[in-house]
Protein chains: 2
Amino acid sequence: MNIDNLNWKILKCLQQNARQSNAEIGRQVGVSSPAVSERIKKMEDLGVIQGYNTLISPFEIGYQLKAIITMRAFMGKLKPFLEKVKTYDEIVNCYRITGDENFVMEVVLKNQKHLELFIDQLIVYGETKTQIVLSHVVKQKELKPII
Amino acid sequence: MNIDNLNWKILKCLQQNARQSNAEIGRQVGVSSPAVSERIKKMEDLGVIQGYNTLISPFEIGYQLKAIITMRAFMGKLKPFLEKVKTYDEIVNCYRITGDENFVMEVVLKNQKHLELFIDQLIVYGETKTQIVLSHVVKQKELKPII
DNA sequence: AATGAAATTGTATAAAT
DNA sequence: ATTTATACAATTTCATT
């Protein structure tokens, strides 16, 4: 899809605050609200916009620990893990990657005990490496047009 | 903050689609729209809700590559990198982590050449390890209440 | 802390350019 | 593809419980 300047402005608004009204976006980008509405709908239909999320502070709702867990699946366990991975509430994001390791996951946990129990579940599928998150230095940075 | 059952239901709705109206959420959870509005506002003020994002497909807008880059900062380069990291448009997320390595980043890139140029910028600050993302197996999974 | 009602604002649709 | 007009829906504010 060719994303023109106006669509980029709309995407910028939506990335900053997805809950803004179309009328408010229209005011910021200089078109009417039906124009905004139609362009957003088209970008949704074409898969440019994949959804609207709410960012929740894991800490505030009781998840005291965040970790990055990298996993190298055991022989024959990659496919079973691909099925299982969707069922873990702890895994917020999981990427399949190239290299020695097969998966990198962003996980949220209540405490150390929860981490231990969670790793115990993973080691059925592969060898894991756990890195505890100290801080979120760059958070869901907005995507910009490619020059 | 103590998040009661009703707030959890509201958060569930907002996580599924942040652009739903308060009236629509109210219908789903069984309260009036001013009640939804007030509870959302309180959760925003208390930092439980940190914002509303739009999920954009990097591929559709011309970022053909996604990578996970892990970095071990050189002596004396950790603090300078903490300043610099916010300025890179390629870095969508960056976590500071425990262990041998200091940062793990999720980056979006146009192509291989862009990746090469980007890594050239990073190696001023530290030693990097790049893992190319093959697929996004679990995508921004919704946070659930802790039992 | 939630509701109901009134005023304001936003959305959706259709007709026109 | 966008605007304007219009009918309908949602939001905000506030009095009430």
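Below, read A as the first sequence line, B as the second, and so on, with proteins coming before strands; counting in each chain starts at 1. Computed from a predicted structure; not experimentally measured. All heavy atoms count here, side chains included; hydrogens, waters and symmetry mates do not.
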Any pair with a residue in residues 43-63 of chain A that passes salt bridge (charged side-chain N to carboxylate O under 4.0 Å, His left out), sequence neighbours left out, goes on the list, sorted by first then second residue, please.
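Listed once each, the pairs are Lys41(A)-Asp45(A).
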Tell me, which pairs form a salt bridge (charged side-chain N to carboxylate O under 4.0 Å, His left out) where one or both residues lie in residues 101-118 of chain B, sequence neighbours left out?
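Those involving residues 101-118 of chain B are Lys129(A)-Glu101(B), Lys66(B)-Glu106(B), Lys113(B)-Glu116(B).
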Other hydrophobic cluster members with Ile97(B), side-chain heavy atoms of Ile/Leu/Val/Met/Phe/Trp/Tyr under 4.5 Å, chained?
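In the cluster with Ile97(B) are Ile68(A), Tyr95(A), Ile97(A), Val104(A), Val133(A), Ile68(B), Tyr95(B), Val104(B), Val133(B).
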Output the rest of the hydrophobic cluster of Ile119(A): all Ile, Leu, Val, Met, Phe, Trp and Tyr residues reachable through side-chain heavy-atom contacts under 4.5 Å, sorted by chain and number.
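Leu65(A), Ile69(A), Met71(A), Leu78(A), Phe81(A), Leu82(A), Val85(A), Tyr88(A), Ile91(A), Phe103(A), Met105(A), Val107(A), Leu109(A), Leu115(A), Phe118(A), Leu122(A), Ile123(A), Val124(A), Tyr125(A), Ile132(A), Val137(B), Val138(B), which link up through side-chain heavy atoms under 4.5 Å apart, make up the rest of the cluster.
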Got a sec, which pairs hit ring-ring contact (aromatic ring centres under 6.0 Å, His included) with one end in residues 20-67 of chain B, sequence neighbours left out?
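Sorted result for residues 20-67 of chain B: empty, none.
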Quick one: side-chain contact (heavy atoms from CB on, under 4.5 Å) partners of Asn7(B), sequence neighbours excluded?
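Checked Asn7(B) against side-chain contact (heavy atoms from CB on, under 4.5 Å); matches are Met1(B), Ile3(B), Asp4(B), Ile10(B), Arg39(B), Met43(B).
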Protein proximity profile, nucleotides 2-15 of chain D - base contact B, sugar-phosphate-only contact S, no contact -, cut-off 4.0 Å on heavy atoms
BBB-----SBBB--
Just to be sure I understand the rule, does Lys41(A) reach a base, reach only the sugar-phosphate, or reach nothing, if contact means heavy atoms closer than 4.0 Å?
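Result for Lys41(A) = nothing.
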Just how large is the angle between the end axes of the helix from dA1(C)-dT17(D) to dT17(C)-dA1(D), five pairs per end, to 10 degrees?
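Result, rounded to 10 degrees: 30°.
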Under the rule for salt bridge (charged side-chain N to carboxylate O under 4.0 Å, His left out), what residues qualify as partners of Lys77(B), not counting sequence neighbours?
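Lys77(B) satisfies salt bridge (charged side-chain N to carboxylate O under 4.0 Å, His left out) with no other residue.
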Any donor-acceptor pair under 3.5 Å linking the side chain of Arg19(B) with the backbone of Asn53(A)?
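No; zero donor-acceptor contacts below 3.5 Å.
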